[in-house]
Amino acid sequence: MTGTAMYVSWGGTGRANGFRRSLRQAEANFDTLVYLAVIDPETFPGLDDRLGQVVQEELKWLLDTQTTLAQQQGSGEGVEIEVIVRSGEVAAQTSEVVAELGVTTVYVGSPDSGRTDDAVATVIEQIRHRTNATVALVDEGDGII
Amino acid sequence: MSILPLLVAEQSELIRQETAVVVLLAIAAGVAVLAKRLRFPYTVALVIAGFGASALGEVVNVSVSPDLILALLVPPLLFEATLALPWKKLRADLFPVMLLALIGTAAGTLVLGALVNQTLGVPWAAAFAFGALISATDPVAVIAFFKQLGAPKRLTVLVEGESLFNDAVAVVAFTLAVKAASGKGFTLAGGVSDFLVVSFGGLAVGIILGYLVGEVFLSRVDDALIETSTTLALAYGSFLLAEDFGLLFGRPDVHFSGILAVVAAGLTVGTIGLKNTSPTTRITLEHFWSLLTFLVNSMVFLVIGLSVTFSDLVNHLDAVAISLVGVIVLRVVLVYGLAEFASRVMPSRHIPAAYRQVMTWGGLRGAISLALVLTMTTPVFDAETVTTVQVMTYGVVLFTLLIQGTTISAVITRLGLAGTGESELAQQRHQARIAMQRAGQLEVNRLGGEGVLLPGMADAFADTYQRDLQTEAEALRTHFRQHPELETAMLLQARRDALVAERAGLTDMSRRSLIDEQVARELTVTLNDRMMALDLLEERWERDAPPTVNPDDEGSTSSTKTGETQ
């Protein structure tokens, strides 16, 4: 068990379900799971710098709690979780963090239940092109596809 | 001439009016009890009671002057709505809200006015007055169902926001139509110019007064009595100041919109004046304004019920039918058209199809329309016109509240917008049991500590409670594993409660002068920003939240390396 995997969620608080799936996947293969939440301008339009910063901090606070809770409930035992919140375009931010932390597998959260729409497919494609990591879509309804 | 008969007559009139008010209050109280028991929004129950009130005839003979209705009854209806709608939440959807309020009300005034003029021969000014007053939507019943069913908060903001502003715009347009009917030198160009001056003047008066009262006064206190009485004074004060603004400068002909002043003052004071208000004070404030709104609603619904008889409705069935069809068709066109336009202009604030359906069917009419129509009297309008417009208004209100109002919850549920499903109720049951068992455990420990219970018995009780608590906590954990979306919702709610508690703690420190005012202000701004951030995150989460998920269904797993597809 070695290396770093990363769960990417964008535009919200993240989904307990998608994250837990990633954590269970990471449990068997990795010792660290990075939870990257990206606040993208498309889903949070018109945020000024100050409010953008506060949204980042608040999201970090919520995700720290959520990840702690997940581990308390027995998911991802032995996996170290690191929460990172960034603002900007999803694929670009993800690629940067992949390069910075040497992430080998990326689980991308689907922003809608059971549906892989064009936006998600585009993001996945962009991450694949910009990094050497394995990229998988974590779907709410059907697990990791 | 002796003044005694006059005094006796005056006293008898006073007693008659007092009796009428007491009877109306008794009916309102009865309606409230009934509505609560039947789990009906009270406006729906009131419209039925108002319909039956006509049977009371001479027993309840209330005469309320048009000016009194506008000055006394309308301001609380609008002010209460502003307190329930924080500016921060409204700001994100201001564009669609203003589109619906401004374009919707303007189109309603013109199209419905033209319709009743051309088909029923209602004179132009009265027709436009009807178009304006019937464009004001009443969200009370719809919002009550939203709360009951746990509908998305954004939908609530859209419905409440539209209603708040279209009420204000409708009142201004209605006033202009009445002015035109009175024939006081009204021209179209003059009307548009008046509309702008009156509207912006009213908004300016409201913002300035709301800011002064909020910033200088309310933001520094946390006291239920002070805040309640101050907001009451502000609601009526802003109305009076705007309406009689010219008197301050010896120009009695200068008037601004008192209604818009009330709305602006309410929004301003709600945003800056109540930031230090503790949850307890806020609850008192909300109860006070709810009571006042309930009394005003009761008065308006019962008075219109006394004014329009069943035979009036039957005799004007064609007018009611035409206006009703016009109102419904126009609502469909406006909501779908304007929501689509707003979504194209701001794709990030897209209004989903399900929201549009609820907003269309939820466009009920209520107290503002009835209050305005009660101000239409002779000799400004002829008696037949007054009766026709009153009956049309009452007919539309009756239909929307009785038919749309009682079926909107089914629409919300069918569209999958009801948040409180079985899974959430099950979560609440677990939480309630845990809270109950904790309370029981604490009491047993207290009795044991005081020696009321034998030490061994207290320990045995406590152990049993502990075992029950562990079982219940495990059941709740299992439930969250099965419904992970509930966990995020609970996390967000808990964070919100925690921030409210932090604010109360800060207010307490400030009130006891333990921290400098500058520190209190800095931290208050930070807390407000955090609340705002949480609102944004919650709204985003609501938009994406899956309706139902089953985490035990792991499904297929596949992953791809760069450039590969599996």
Side-chain angles (χ1 to χ4, degrees), chain A residues 11-21 24-25 39 41-47 50-59 61-63 65-66 69-70 72-75 105-107 109-114 124 127-137 139-145, chain B residues 88 91-92 346-349 474 476-478 480-492 494-495 498-499 525-566:
Chain A
T13 54
R15 310 280 190 70
N17 201 18
F19 167 66
R20 277 181 168 80
R21 285 182 199 288
R24 284 199 289 273
Q25 289 287 317
I39 297 168
E42 204 173 299
T43 41
F44 287 95
L47 283 186
R50 189 169 65 97
L51 189 55
Q53 182 61 35
V54 182
V55 170
Q56 274 199 37
E57 288 167 11
E58 195 57 31
L59 185 52
W61 199 95
L62 287 166
L63 295 180
T65 309
Q66 197 177 54
L69 187 63
Q72 275 177 4
Q73 292 174 353
S75 295
T105 297
V106 178
Y107 302 113
S110 161
D112 210 341
S113 176
I124 289 175
I127 299 171
R128 282 174 185 159
H129 281 295
R130 292 177 193 183
T131 69
N132 288 320
T134 302
V135 185
L137 175 70
D139 188 273
E140 286 287 330
D142 304 309
I144 295 173
I145 55 175
Chain B
K88 284 174 182 170
R91 189 170 62 175
M346 291 180 72
S348 59
R349 307 298 302 171
E474 186 49 44
L476 184 58
R477 272 195 288 273
T478 306
F480 277 146
R481 274 197 290 274
Q482 288 164 350
H483 302 277
E485 75 281 3
L486 296 177
E487 183 189 292
T488 310
M490 191 176 175
L491 196 67
L492 287 163
R495 178 61 174 157
L499 286 175
V525 170
T526 308
L527 270 174
N528 289 340
D529 284 347
R530 285 197 172 278
M531 280 285 196
M532 173 81 181
L534 198 63
D535 285 343
L536 287 168
L537 290 166
E538 186 174 17
E539 186 211 299
R540 177 70 188 115
W541 176 79
E542 273 185 342
R543 266 195 284 166
D544 270 356
T548 320
V549 287
N550 181 5
D552 298 326
D553 175 16
E554 287 291 334
S556 60
T557 302
S558 66
S559 59
T560 52
K561 269 272 190 193
T562 308
E564 291 176 7
T565 308
Q566 275 188 341

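Just so we're on the same page: letters track the sequence lines, and every chain starts at 1.
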Supply the atom-to-atom distance [X] [atom1] to [Y] [atom2], rounded to the nearest 0.5 angstrom.
X        : Y        : atom1 : atom2 : result
B:Leu492 : A:Thr65  : CG    : OG1   : 10.5 Å
A:Leu59  : B:Leu536 : CG    : CG    : 11.5 Å
B:Leu537 : A:Trp61  : CG    : CH2   : 12.5 Å

Run B:Asp529 and A:Arg50 through side chain to side chain contact (heavy atoms under 4.5 Å, CB included) and show every step you take.
CA-CA 9 Å; B:Asp529 284 347; A:Arg50 189 169 65 97; 2.3 Å; yes
Heavy-atom side-chain proximity of B:Met532 to A:Val54 below 4.5 angstrom:
no
Which atoms of A:Glu57 approach chain B - backbone, side chain, both or neither, heavy atom under 4.5 Å:
both
